Amino acid sequence: MSDGSSFYITTPIFYVNDVPHIGHAYTEVAADVLARWHRQSGDDAWLLTGTDEHGQKILRTATANGVTPKAWADRLVETAWKPLLKTVDIQNDDFIRTTDVRHEVNAQKFLQHLFDAGHIYTGEYEGYYCVGCEEYKQPSDLVDGTGEFEGQPVCAIHSKPVELLHEKNYFFRMSTFTQQLLDLYESNPNFVQPESARNEVISFVKQGLSDLSISRSSFDWGIKVPWDESHVVYVWFDALLNYITAVGYGQDDEEFARRWPATHVVGKDILRFHAVIWPAMLLAAGLPVPTQVFGHGWLLVGGEKMSKSKLTGIAPSQITETFGSDAFRYYFMRAISFGQDGSFSWEDLSARYQSELANGFGNLASRVIAMVVRYCDGEIPTAGEFSQADELIRGTERRATAAAMGAVDRLAIHEAIAAVWELVDELNGYITSQEPWALAKDPAQRDRLDAVLFTAVRGLGTLAVLLSPVVPRATARLWTALGGVGDVADQRIDQAWEWTGGTHVSPLEALFPRIEATVG
RNA sequence: GGGGCGGUAGCUCAGCUGGUUAGAGCAGCGGACUCAUAAUCCGUCGGUCGCGGGUUCAAGUCCCGCCCGCCCUACCA
């Protein structure tokens, strides 16, 4: 990093029929923080997100709502998904929809290419089909029937008999890539991370892969198979291709060469699609595999995986309306080790907001600026002679920056924030021990007072730069109050302590005001 | 059935290739201070490291067995 090299990062694309919850926002924020961080490091960063809009379920709900599937998807994109990005301040560089022409056309090119290269064959899919679920069932999804269905296999969900159906399908010869994938995992341990995710993927692939049915003919809401328009492409095969069609695959070679390959951030529930099927597709097409597939953990509410059915699904706006988007971003990035499951609770959110954001960072900003206003008429003092305590703070600025940079390289976002927070804590301690209010009472201590406030302001500005990717709103306000030059989001984060600012501070409303009301 | 991850202070979690009296933050308690969002700073209380064996001079940290939670995977009858 830091050399202008490409950093292309993606989130999964939202299945438009889902209802947005904090799990979606969590993935987005993580990818956004990484993208912002790299942008501020001088890298050629690019964040892609978007929507997945094909498939039978969407066709069905659209029909039920009396509109075309495209109109249905349009509505959901505008009313649910784009607003979600705004709710948590995602700064995406692109938003791809699988119904975009650029996606459909180039996904077809990809498919045709695989077909021409002999990676696709015509086969017969035979399986048990549940009309209630409208999908094929694995034997493990079936149970023995009881009562009038005694002796027949029935769907575990609907308890009704399933039908044995045959369908002509096109198959992707994924099985031939088993060994190549294993070699990939072996030679590039970082390809799938964290370790736990990597282990799962390897053990799955070691069992051997079967070929993948990639077309459906029972409905038509999807991308047409180019050589047989009676079939549409299987939704996952379609969806995964967004990562390359969005950056010019098939139509803009220069852009594609500039961006690809990507780092994929995904929830661990869809890890396999990204760490197995997707690289197999790319290998077949002769394209570079992703840089990395990172499977993050789940959000646990009350010790259980958050889910709509258990009524634990929480809309991001429920949190941001009370605490703000910065607090949302900070909380989930700080409190959860990225890659592991993490517990969410209103109590924890509330406690961290109060102690870390309001009392720690926010109050630090308030007290420093208030003293510069009070003791120096708002003029930021110039540096005189520095004491050891001052030098220690300067040292911490550098150390925290370096530690955070290293952590972000490993996608350890939580560690990066923890490293930066050492500066927050040290600055608060520094101010208390240096007692600028006492120095201000003695004219003979003027130089010392100036040095202390100068150091405190420097540290605060460094914090603004370092925390900008995580809490962009608060740091933008702080930056303005400190008279920082330009936009804080444009400051080099790898040299955060070298920020430049003006001569005066301006008043600052509480960065993270106390929240008195009980929530939850 | 096979495999993975987790089970450490009230809560959320660190503890790498085994090594001084097991750590942090928050909460609690006591004190200091007043620039600040009743904030900050200092001190303090608090743990049979899931259970039982074993290896070792030494184990939260390795080995075996078991229990609990979650997940992946396979599937007998």
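Please read all numbers here as calculations on a predicted model, not as lab measurements. Every chain is numbered from 1 and lettered A, B, ... according to where its sequence line falls, protein lines coming before strand lines.
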Peer 1: Could you tell me if the ring centre of F332(A) sits under 6.0 Å from that of H296(A)?
Peer 2: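 Ring centres of H296(A) and F332(A) not closer than 6.0 Å.
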Peer 1: So, does N199(A) get its side chain near the phosphate of rC72(B), meaning an N or O under 4.0 Å from OP1 or OP2?
Peer 2: no
Peer 1: Is the centre of the F177(A) ring less than 6.0 Å from the centre of the H119(A) ring?
Peer 2: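 Between F177(A) and H119(A), the centre distance is under 6.0 Å.
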Peer 1: Verify the ring-centre separation between Y234(A) and F172(A): is it less than 6.0 angstrom?
Peer 2: no
Peer 1: What is the distance, rounded to the nearest whole Å, between atom CD1 of I336(A) and atom C1' of rC11(B)?
Peer 2: 15 Å
Peer 1: Using a distance-only criterion (donor-acceptor N/O pair, under 3.5 Å, no hydrogens), is the base of rG3(B) paired with the side chain of E200(A)?
Peer 2: yes
Peer 1: With a cut-off of less than 4.0 Å, is there a side-chain N or O of S343(A) near OP1 or OP2 of rC13(B)?
Peer 2: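 For rC13(B), OP1/OP2 do have a side-chain N/O of S343(A) under 4.0 Å.
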Peer 1: Under 4.0 angstrom, heavy atoms only, what part of the nucleic acid is S203(A) near: base, sugar-phosphate, or nothing?
Peer 2: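 No contact.
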Peer 1: Can you tell me which nucleotide in rC41(B), rU37(B), rC13(B) comes closest to the side chain of S366(A)?
Peer 2: rU37(B)
Peer 1: Could you tell me whether L511(A) contacts a base, only the sugar-phosphate backbone, or nothing, with contacts defined as non-hydrogen atoms closer than 4.0 Å?
Peer 2: base
Peer 1: Can you tell me which nucleotide in rC35(B), rA14(B), rC71(B) comes closest to the side chain of W298(A)?
Peer 2: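 For W298(A), the side-chain atoms sit closest to rC71(B).
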Peer 1: Among rC71(B), rG25(B), rC35(B), which nucleotide has an atom closest to any side-chain atom of I431(A)?
Peer 2: rC35(B)
Peer 1: N428(A) near the nucleic acid: base, sugar-phosphate alone, or nothing, with a heavy-atom cut-off under 4.0 Å?
Peer 2: sugar-phosphate
Peer 1: Any base atoms under 4.0 Å from G429(A), or only sugar-phosphate, or nothing? Heavy atoms, all strands.
Peer 2: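 The residue G429(A) makes sugar-phosphate contact but no base contact.
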Peer 1: For rC33(B), does OP1 or OP2 lie under 4.0 Å from any side-chain N or O of Q434(A)?
Peer 2: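 False: Q434(A) side-chain N/O out of range (4.0 Å or more) of rC33(B) OP1/OP2.
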Peer 1: What nucleic acid atoms does R374(A) come within less than 4.0 Å of, heavy atoms only: base, sugar-phosphate, or nothing?
Peer 2: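 Answer is sugar-phosphate: R374(A) comes under 4.0 Å of backbone atoms only.
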Peer 1: CD of Q354(A) versus P of rA27(B): gap in Å, rounded?
Peer 2: 9 Å
